[in-house]
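Everything numeric in this text was worked out from a predicted model, so none of it was measured. Lettering of chains follows the sequences in order, A, B, ..., and the numbering in each one begins at 1.
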Amino acid sequence: MPSINQLPVTTRFAPSPTGSLHLGNARTAFFSYLWARQSGGRFVLRIEDTDAERSQLRFRDELMAELRWLGLEWDEGPDIGGPSASYCQSERGEFYRELYAQLEAHDQAYPCYCTPEDLELSRKLQRMSGQPPRYAGTCRGLSATQRAERAARGLKPTLRFAVPGDKIIEFTDAVHGPQRFASSDIGDFIIRRDDGTPAFFFCNAVDDSAMGVTQVLRGDDHMTNTPRQLLLLDALGLRRPGYGHVGLLVGEDGAPLSKRHGSTSVQEFRARGFLSAAILNQLFRLGHAADVDGWLPPAAMSAHFRPLHLGRAPARFDESQLVHWQKETLGRMSTAEIRAWLGADDATEFVDLVRHNVVLPVDAAPWRAVVRGDLEPLGELEQQVIAAAGAEFFAAAAAAYAQANSDLKVLTRILKERTGRKGADLFMPLRVALTGTAHGPELAPLLKLIPPETARRRLELHAQNS
RNA sequence: GCUCCCUUCGUCUAGAGGCCUAGGACACGGCCCUCUCAAGGCUGUAACACGGGUUCGAAUCCCGUAGGGAGCGCCA
């Protein structure tokens, strides 16, 4: 549903297939997706696989699988094509070559024969003398004969963009507002590696423009990269997309989300049993202020997305909040859905009983054991409850069970008459003896699921021991 | 070092000069309900980084300070 004053916006997600889909990337992908959907525009998926060393097909497939699992469907992409195909940068060499030629023809780019060692040394020297570590421009003024001489020595050049020295680059960031940079602060940067592959600053900017992207949404860490890309686009006469830089997603300690914070990839959360709707509800509120509170079905989110309310400050990811959305999501699922999610072929009565005591599928295991297995050893609190009730109580309980069978109401009525106990004094010992813990789902239906033989044994056990 | 960005309860955030004795959500505590946990209802603790201005009035505007972050890569 496009809003009245918003033109269709084309956004994109442009991951490099060098690892699994990180929560932070998933969030920017999600915001981009929502923005496109909200405006009635398009969402493009582009794979930035220019690093042949680290890029892998399996990561690309995994990335797409996770995106789809989250429900972020793209309108153009490597698998479905589109007007700007190919959507893999490794297949766009021809397009890049033309642009390189254009830049070189206008002296806006030049071959650089400096070796990585040269460059590192130069940077080191600059740092030591308190200078910004920028490319010194060594190869910028090389004559044709000097270039030929170097090429003859077998040196393979990179291609550098000749940054104009005296420009002010201005743009309005969609989340930060007006920005101003001086080109004199930017060194000539590499736009083509010595193996002929395009470098990020170049192919990323050029593809966004060529693919008709009108709004680039990305992490804050790209903020100071933007003027470089704008310079490049201007030199090429390509249309500038709008840029918006979202605050990063960080861990509980404020450091960028990493392994030591536990799960960080969508795949890991999925494997643990978190639901996509839960993850989406959480991401929806990290670094973004929606216009409503409370759980939203994913399909309703684009209507409540507010691009102008994206956060500038880094947002901390707090798993306890994810757990909250997980509970909210679970509460809205049918028994059949939860049963499938638990993945253990449970009886529907069992599913209905434990669903409110479970956040992840693994949490169902203890209750499964209560119903069709053996109890865990009693904890300290549980032992106290058993001891306080006494052997006599359980003898009476076992006898009552013989009469009442698995009808807890009848069982407790009989026990109440015989022992004079009521309330927690009556129920707690029963709960502990029958389930092994002091907490859990409603006891009456739970008792019905415990095989009679097992229930009797559990009650009799305490009639003898204590 | 240089350039840029950021800073409201523990956490996510509302807030575009008076509607703010700063609101909501999560988490936490209490009460109610209840055999227990969960759910639900009620309720409590808790924040404008600091210092100067501007203004009748500032969380909101300006300038500094402090703290945090990013970029300056043949990685994206």
> Which base, if any, makes a Watson-Crick or G-U wobble pair with B:U54, both distances under 3.5 Å?
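Because no pair has both required distances under 3.5 Å, B:U54 counts as unpaired.
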> A:Arg127 side chain: which of B:C72, B:C74, B:A25 is closest?
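In terms of side-chain proximity for A:Arg127, the closest of B:C72, B:C74, B:A25 is B:C72.
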> For the side chain of A:Leu119, counting heavy atoms from C-beta on, which of B:C26, B:G71, B:C74 is nearest?
B:C74
> How do A:Arg160 and A:Leu443 order along RNA chain B: which one's closest nucleotide is nearer the 5' end?
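The residue mapped nearer the 5' terminus is A:Leu443.
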> Does a side-chain N or O from A:Arg312 land closer than 4.0 Å to OP1 or OP2 of B:U8, or not?
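Negative; the distance criterion is not met.
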> What integer number of Å spans the P atoms of B:G57 and B:G1?
39 Å
> Select one nucleotide: of B:C12, B:A14, B:C74, the one nearest the side-chain heavy atoms of A:Gln321.
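Nearest listed nucleotide: B:C12.
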> Could you check which of B:C5, B:A76, B:U11 has an atom nearest any side-chain atom of A:Asn225?
B:A76
> Measuring from the side chain of A:Arg54 (C-beta onward, heavy atoms only), which nucleotide among B:A76, B:U36, B:C75 has the closest atom?
B:C75
> Between B:G18 and B:U34, how far apart are the C1' atoms? Round to whole Å, please.
48 Å
> Kindly point out which of B:G1, B:C6, B:U36 is positioned nearest to the side chain of A:Pro133?
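Closest of the options to the side chain of A:Pro133: B:G1.
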> Paired with B:C72: which nucleotide, if any, by Watson-Crick or G-U wobble criteria at under 3.5 Å for both distances?
B:G1
> Among B:A70, B:C74, B:C12, which nucleotide has an atom closest to any side-chain atom of A:Asp221?
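Nearest to the side chain of A:Asp221 among the choices is B:A70.
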> Once you apply a heavy-atom cut-off of 4.0 Å, does A:His222 come out as touching a base, just sugar-phosphate, or nothing?
base
> I'd like to know whether the aromatic ring centres of A:Phe202 and A:Tyr96 sit less than 6.0 Å apart in this structure.
yes
> For B:U36, which nucleotide in any strand shown is its Watson-Crick or wobble partner with both distances under 3.5 Å?
none
> For the residue pair A:Phe181 and A:Phe171, categorise the inter-ring angle as parallel (less than 30°), tilted (30 to 60°) or perpendicular (more than 60°).
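Parallel: the ring planes of A:Phe181 and A:Phe171 meet at under 30°.
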> I'd like to know whether the aromatic ring centres of A:Phe284 and A:Tyr33 sit less than 6.0 Å apart in this structure.
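Distance test on ring centres: not under 6.0 Å, no.
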> I'd like to know if A:Arg332 and A:Glu328 make a salt bridge, using a cut-off of under 4.0 Å between side-chain N and carboxylate O.
yes
> Which value, in whole Å, describes the distance between the P atoms of nucleotides B:U7 and B:C48?
15 Å
> For A:Glu62, is there an ion pair with A:Arg60 - N to carboxylate O distance below 4.0 angstrom?
no
> Heavy atom of residues 177-189 of chain A under 4.0 Å from RNA chain B: which residues?
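Within this stretch, A:Gln179, A:Phe181, A:Asp185 sit under 4.0 Å of the strand.
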> Could you check whether A:Cys203 gets within reach of a base, just the sugar-phosphate, or nothing at all, counting any heavy atom under 4.0 Å?
nothing
> Is the ring pair A:Phe305/A:His288 parallel, tilted or perpendicular, if the boundaries are 30 and 60 degrees?
tilted
> Between A:Arg285 and B:G24, does any side-chain N or O lie under 4.0 Å from OP1 or OP2?
no
> Could you check which of B:A76, B:G1, B:C74 has an atom nearest any side-chain atom of A:Pro132?
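The answer is B:G1, which lies nearest to the side chain.
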> Provide the distance between the two P atoms, one in B:C62 and one in B:A16, to the nearest whole Å.
16 Å
> Test the A:Arg192-A:Tyr100 pair against the cation-pi criterion, namely NZ or CZ under 6.0 angstrom from the six-membered ring centroid and within 45° of the ring axis.
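Positive - A:Arg192 is close enough to the ring of A:Tyr100 and near enough to its axis.
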> For A:His324 and B:C26, is the shortest distance between a side-chain N/O and OP1 or OP2 below 4.0 Å?
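Indeed, a polar side-chain atom of A:His324 lies that close.
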> Quick one: is B:C6 close enough that its OP1 or OP2 comes under 4.0 Å of any side-chain N or O from A:His176?
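Yes, such a contact exists.
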> Work out how far the C1' atom of B:U43 is from that of B:C61, and round it to whole angstrom.
38 Å
> Quick one: does any side-chain atom of A:Ser122 pair with a main-chain N or O of A:Asp118 as donor and acceptor, under 3.5 Å?
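No; zero donor-acceptor contacts below 3.5 Å.
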> Both conditions, 6.0 Å and 45 degrees, for the charged tip of A:Arg140 above the ring of A:Tyr110: are they met here?
no
> Would you call A:Asp291 and A:Arg306 a salt bridge, using N to O less than 4.0 angstrom?
no
> Can you tell me the base-pairing partner of B:U7? Count Watson-Crick or G-U wobble geometry only, both distances below 3.5 Å, and say none if there is no partner.
B:A66
> From the set B:C4, B:U11, B:C35, return the single nucleotide nearest to any side-chain atom of A:Phe427.
B:C35
> Quick one: is B:U34 close enough that its OP1 or OP2 comes under 4.0 Å of any side-chain N or O from A:Arg431?
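So the side-chain polar atoms of A:Arg431 never come under 4.0 Å of the phosphate oxygens OP1 or OP2 of B:U34.
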> Given that A:Glu252 and A:Trp325 both sit by RNA chain B, which one's nearest nucleotide is further toward the 5' end?
A:Glu252
> Can I get a per-line list of side-chain donor-acceptor pairs under 3.5 Å for residues 216-223 of chain A, giving both atom names and the distance, sequence neighbours left out?
| unit_1 | atom_1 | unit_2 | atom_2 | d |
| --- | --- | --- | --- | --- |
| A:Arg218 | NH1 | A:Thr226 | OG1 | 3.2 |
| A:Arg218 | NH1 | A:Gln229 | OE1 | 3.4 |
| A:Arg218 | NH1 | A:His245 | NE2 | 3.3 |
| A:Arg218 | NH2 | A:Asn204 | OD1 | 3.3 |
| A:Arg218 | NH2 | A:Gln229 | OE1 | 2.5 |
| A:Asp220 | OD1 | A:His176 | NE2 | 3.1 |
| A:His222 | ND1 | A:Asn225 | OD1 | 3.3 |

> May I ask which nucleotide in the shown strands pairs with B:U21, Watson-Crick or G-U wobble, both distances under 3.5 Å?
none
> Would you check, one step at a time, whether the test side chain to side chain contact (heavy atoms under 4.5 Å, CB included) holds for A:Arg458 with A:Leu375?
CA-CA 9 Å; A:Arg458 288 177 185 168; A:Leu375 299 184; 3.6 Å; yes
> In whole Å, what separates the P atom of B:A58 from that of B:A22?
15 Å
> Give me the residues of residues 412-426 of chain A where at least one heavy atom lies under 4.0 Å from an atom of RNA chain B, by number, or none.
A:Ala424
> Does the structure show a Watson-Crick or G-U wobble partner for B:U60, both distances under 3.5 Å? Name it, or say none.
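The base-pairing partner of B:U60, which may sit in any strand shown, does not exist here.
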> What contact category does A:Arg123 fall into here, base, sugar-phosphate, or nothing, at under 4.0 angstrom with non-hydrogen atoms?
sugar-phosphate
> Rounding to the closest angstrom, what is the interatomic distance between B:C12 and B:A49 at atom P?
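Each nucleotide's P atom is 14 Å from the other's.
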> For B:A47 versus B:G64, give the span between their P atoms, rounded off to a whole number of Å.
29 Å
> Among B:G10, B:C74, B:A38, find the nucleotide with the atom closest to the side chain of A:Lys327.
B:A38
> Across all strands shown, which nucleotide pairs with B:C42 by Watson-Crick or G-U wobble geometry, both distances under 3.5 Å?
B:G30
